[in-house]
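In the text below, chain A, chain B and the rest are named by the order of the sequence lines, each starting its count at 1. Predicted, not measured: the structure shown is a model, and the values here were computed from it.
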Amino acid sequence: MIGIIDCNNFYASCERNFMPSLNGVPVVVFSNNDGAIIARSEEAKELGIDMAVPIFEVKKLMKVYNIKGFSSNYTLYGDMSKRIKYIIRKFFSEVEDYSIDESFVSCKGFEYRDLFSYVKDARDKISHWSGVPVTIGVAPTKTLSKLANRIAKKKFRAIGVYIIDSEEKRIDALHTTDIKDLWGVGRRITVRLNKFNIYTAYDLSKVDTDWAKKNFSVVLQRTVYELQGISCIPLELVEPAKQNIASQKSFGIFQTEFEPMAEALANYTARVAEKLRRQGFVAGGITVWLGTNNFSKTDKQYFPEISTVCDVPTDYTPYLIKRAVEGLKVIYRKGYLYKRVGVMLTDLRNNYDGTQNLFHSNSRDKEIEIIRRMDRINRLNGRDTIRSAQQGFNHEWKMRQETLTPKYTTRLSDIIIIK
DNA sequence: TCTGGGGTCCTAGGACCC
DNA sequence: TCTGGGGTCCTAGGACCC
């Protein structure tokens, strides 16, 4: 049996955890740049606030019902996630951290005790100790455990646990689930499946698995097997090495000129390079892209992209910034209203994999020393205390975050002392 | 006026190898 | 005049996830 532990309304619950006055009050969290809704408390859902709606469409509604809205605070959510996962490991020894707010756990070996009371106790303690309520679904496969979790949220909210442990419960869960709500079936596949008269998880569980592979893909074939109760998506207990690290952000206001965008790009590159070093990787390549506002019906659209290979795989920020800005120079055109710029470090490998380029002088040792000291100074004195000149100081492009809460758990200056 | 960001996996087709 | 078969690797694009 496999369990999925899912935090309820995670971002909204994190905000609420540090502001008890928000209990019982409708709360929403905005996407970066305060653009759209990405999390809602139960109360906000009941008031008809949908997921991914642009803020300007619900501004009125928010005012009328006094819905509290917050800019997303990923530093806070990331740290809360770490704490919750630490607690989860007190109750389950085999855990796959699946996303910021979800973990799959193995319930193998629990046949010898009362599975329900063990999971229920774990659920209550994880919720209580972390301050973020969680729900647990348990079933023979990952896909079915997701269904179980959904049922727990919809029908057994107060209990917070649902287990599919009989044929009867499996069939019932399949009948009451629409294919569009299935893990692994998105918008496109839903439309195509509907054309074959497949509307519920039950319909899909009845199709021939070879047919699913032939007409769709192995991905859908696996989903069909999993719905039938045959597990074929295993728990991944070891986190696979990252392949890419990327950063893109929308500008607070449209940009037209090269310089401010190069400045934004240099800053995003500095961020991904830090992340790269923290994880002990070097990057073999770098990709840069630009984009106009794809929602506009009247603006000219332009979404260029360029990929280059580093001379030597590296984690040296000044080099990466130089390459990124060179790339930007190639794809930038005057005359567009730009909405975002992005950068991705690709072809990641361990930094002890010391590939050397025959035609480059061996200056790597010096770079390592420089970057090590820079990271140390910035860690002690704050990010970007030492920065590349290209990163600038103006930052007129920076995203909107008008209702950002403090980084309660991670930044010294934000910790509130109660006397 | 105003619409997020960071990832992964799969597939088909082309280039290339012997 | 007539020109194979089996395989790998890479890339772009599509689809999905939270």
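A:R187 has its CZ atom 10 Å from the P atom of C:dA15, to the nearest Å. For A:K142 and B:dC9, the NZ to P distance is 12 Å, given to the nearest whole Å. When the P atom of C:dC18 is taken as reference, atom CG of A:D101 falls 9 Å away, rounded to whole Å. Rounding to whole angstrom units, CD1 of residue A:I38 and P of C:dC17 are separated by 17 Å.
Annotation: side chain of A:K300 is not in contact with side chain of A:T292 (no heavy-atom distance under 4.5 Å). Side-chain contact check for A:L193 versus A:L220: some heavy-atom pair is nearer than 4.5 Å. A heavy-atom distance below 4.5 Å is not found between the side chains of A:F196 and A:V207.
Under the 3.5 Å distance criterion, the side-chain polar atoms of A:R222 are left unmatched by any main-chain donor or acceptor of A:I233. Without hydrogens or angle criteria, A:N33 side chain to A:R400 main chain gives a donor-acceptor distance under 3.5 Å. Between the side chain of A:S217 and the main chain of A:K213, no donor-acceptor pair closer than 3.5 Å is present.
Ion pairing between a basic and an acidic side chain is recognised when a charged N comes within 4.0 Å of a carboxylate O; A:K68 and A:E43 show no such pairing. Using a cutoff of 4.0 Å between basic side-chain nitrogens and carboxylate oxygens, A:E239 and A:K85 are not scored as salt-bridged. Looking at A:R271 and A:D384, a side-chain N of the basic residue comes within less than 4.0 Å of a carboxylate O on the acidic one, giving a salt bridge.
Between B:dC10 and A:R222, a contact under 4.0 Å exists linking OP1 or OP2 to a side-chain N or O. For C:dC18, the OP1/OP2 oxygens have a side-chain nitrogen or oxygen of A:K146 closer than 4.0 Å. Distances shown here put a side-chain N or O of A:K249 below 4.0 Å from the OP1 or OP2 atom of B:dG6. Considering only side-chain N and O atoms, A:K242 lies nowhere under 4.0 angstrom from the phosphate OP1 or OP2 of B:dT8. OP1 or OP2 of B:dT3 has not a single side-chain nitrogen or oxygen of A:S31 nearer than 4.0 Å. The phosphate of B:dT8 has OP1 or OP2 within less than 4.0 Å of a side-chain N or O from A:N244.
Residue-level contact check: A:S72 touches neither bases nor backbone, having no heavy atom under 4.0 Å from any strand. At a threshold of 4.0 angstrom between heavy atoms, the contacts of A:E57 with the nucleic acid are absent. Looking at heavy-atom distances under 4.0 Å, A:F10 makes no contact with the nucleic acid at all. In this structure, A:V185 reaches the sugar-phosphate backbone alone: every heavy-atom distance under 4.0 Å involves primed, P, OP1 or OP2 atoms, never a base. Here A:I37 lies out of heavy-atom contact (under 4.0 Å) with every strand. Nucleic acid contact class of A:Y268 (heavy atoms, under 4.0 Å, all strands): none. Counting any heavy atom pair closer than 4.0 Å across all strands shown, A:D34 reaches no nucleic acid atom. Backbone-only contact: A:A246 has heavy atoms under 4.0 Å from sugar-phosphate atoms and none from a base.
The side chain of A:S250 approaches B:dG5 more closely than any other nucleotide in the set B:dT3, B:dG5, B:dT8. Distances from the side chain of A:F254 to the nucleotides C:dC18, B:dC2, B:dG4 place B:dC2 closest. Side-chain proximity of A:Q248 to the nucleotides B:dC10, B:dG5, C:dC18 is greatest for B:dG5. Across B:dT3, C:dC16, B:dG4, the shortest atom-to-atom separation from the side chain of A:R188 is found for C:dC16. Of the candidates B:dG7, B:dG6, B:dG5, B:dG6 carries the atom nearest the A:S247 side chain, counting heavy atoms from C-beta on. Distance from the side chain of A:W183 is smallest for C:dC18 among the nucleotides B:dG4, C:dC18, B:dG7. Closest to the side chain of A:P54, out of C:dC18, B:dG5, B:dT3, is B:dT3. Looking at the side chain of A:V218, the nearest of the listed nucleotides B:dG5, B:dT8, B:dT11 is B:dT11. Checking B:dT8, C:dC18, C:dC16 against every side-chain atom of A:I189, the shortest atom distance belongs to C:dC16.
Secondary-structure stems of DNA chain C, taken as three or more successive Watson-Crick or G-U wobble pairs (i with j, i+1 with j-1) under a 3.5 Å distance threshold, comprise B:5-18 with C:5-18.
Annotation: cation-pi geometry not satisfied between A:K125 and A:F91 (NZ/CZ under 6.0 angstrom from ring centroid, within 45° of ring axis).
Heavy-atom nearest nucleotides on DNA chain B were determined for A:E236 and for A:N293, and the one closer to the 5' end corresponds to A:N293.
When all heavy atoms of A:I331 and A:I306 are compared, the closest pair comes out as CG2-CB, 3.8 Å.
Of the residues in residues 269-279 of chain A, not one places a heavy atom less than 4.0 Å from an atom of DNA chain C.
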